[in-house]
Amino acid sequence: MTTSLIETSGYIGSAEAPFIQEMTEITHHMWTLGWDELNGGNISYLLDEEEVGKYIDIHSSLRSLDLAFPVKELAGKYFIVTGSGKYFRNVIKDPEANLGVVRVSASGEQVEILWGLRNGARPTSELASHFMSHIERLKVDPKHRIVLHTHATNVIAMTFTHELDESKFTKTLWQMCTECLVVFPDGISILPWMVPGSNEIGRETAKKMKDYRVVIWPHHGIFGTGATMDETFGLIETVEKAAAVYNLIGGREIRQVITDSELADLAMAFGVEPKAGVLGLV
Ligand code: 13P
Ligand code: ZN
């Protein structure tokens, strides 16, 4: 009689973990889009303890790291995260070196590394923005799971030529493709340019996340959040597509647009509430 791996060790093993496969697939896909040059971009994905425990030994941690920003609200929560300085291009070749499964300690002052981040690697340098954003998004959406940051090319380009007013930026994006208003009726938010990797940009990003699922960092990239990888990636993909259309039009004469009354009809037909103060803007 053969005994299964789960009966002998108590868990199946990381190679089978769906959450590691999801991270591997999406980082590869994003790299192929050219959004994640070098080590650009990072992802954190909130996981269920029960799900993690099926695949990984959660009873012994490999090491702990101090957090410069306590996140008591996330105590005991599990995340899979990308490593700092790690290339999305390389995740598919070696997930264990480039990703990590971590648990926030009971005090909220450390993360315990349970799997991955081999050879002393650390979670993304944008962990403050990720964790603080998770805290805010969970308050407004209990199904929230993912924070995804990427250097989406057209979004970055658009932050050089478009006014950085959130309502005006949102309206332009809505006007670029008919589906945009339906996908992000809540609009997009924008921070002023800030030094990345700091607690301060983490706090400012999280403040925006109280009201928005998308935060643009001018001349740097975009943060998107959602309940699933498909939803989160799809949201960013849609903003990036609209930005690409805007950049393609750049400088040419515009002969017709989707009018405000057409946008209002669209919102009505799809049952979405457009962010207040955007329609009617000139
Ligand atoms: P990390 O490699 O530390 O995740 O940083 C990449 C990045 O995009 C910084 O904003
Ligand atoms: Zn970045």
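Indexing begins at 1, ligand by ligand and atom by atom, following the structure's order.
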Sub-4.0 Å heavy-atom contact, H220 with ligand 1: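 Flag set, H220 near ligand 1.
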Contact with ligand 1 for G40, non-hydrogen, under 4.0 angstrom: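 True for this residue.
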Report the nearest protein non-hydrogen atom to [atom]: residue, atom name, distance rounded to 0.1 Å.
atom                   : value
atom 6 (C) of ligand 1 : N39 O, 3.3 Å
atom 4 (O) of ligand 1 : T124 OG1, 2.7 Å
atom 3 (O) of ligand 1 : S125 OG, 2.6 Å
atom 9 (C) of ligand 1 : E126 OE2, 3.1 Å

Parallel, tilted or perpendicular: ring planes of F79 versus F131, cut at 30 and 60 degrees: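 Tilted: the ring planes of F79 and F131 meet at 30° to 60°.
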Aromatic plane relationship, W31 with H28 - under 30° parallel, 30 to 60° tilted, over 60° perpendicular: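 H28 vs W31 ring planes: tilted.
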Check: R137 side chain, Y212 main-chain N or O, donor-acceptor pair, under 3.5 Å: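 Side chain of R137 to backbone of Y212, a donor-acceptor pair under 3.5 Å: yes, one is there.
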Under 3.5 Å donor-acceptor, D48 side chain and E51 backbone: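 Between the backbone of E51 and the side chain of D48 there is no qualifying donor-acceptor contact (under 3.5 Å).
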Can we say [X] and [Y] salt-bridge, meaning some charged N sits less than 4.0 Å from an Asp/Glu carboxylate O?
X    : Y    : value
K208 : E166 : yes
D94  : R118 : yes
R213 : D141 : no

Residue selection (non-hydrogen contact nearest atom 7 (C) of ligand 1) among I43, L127, N42: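 The option holding the nearest heavy atom is N42.
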Numbered atoms of ligand 1 (with element) below 4.0 Å of H149, judged on heavy atoms: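 Once the distances to H149 are compared, the set is 8 (O), 10 (O).
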Atom indices of ligand 1 within 4.0 angstrom of G85 heavy atoms, with elements: 1 (P), 2 (O), 3 (O)
Spacing of CD1 belonging to I146 relative to CE belonging to M23, to within rounding of 0.5 Å: 8.5 Å
Among the N, O or S atoms of H149, the one nearest the Zn ion (ligand 2): NE2
Nitrogen or oxygen atoms of P196 and ligand 1 under 3.5 Å apart: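 No; every N/O pair is 3.5 Å or more apart.
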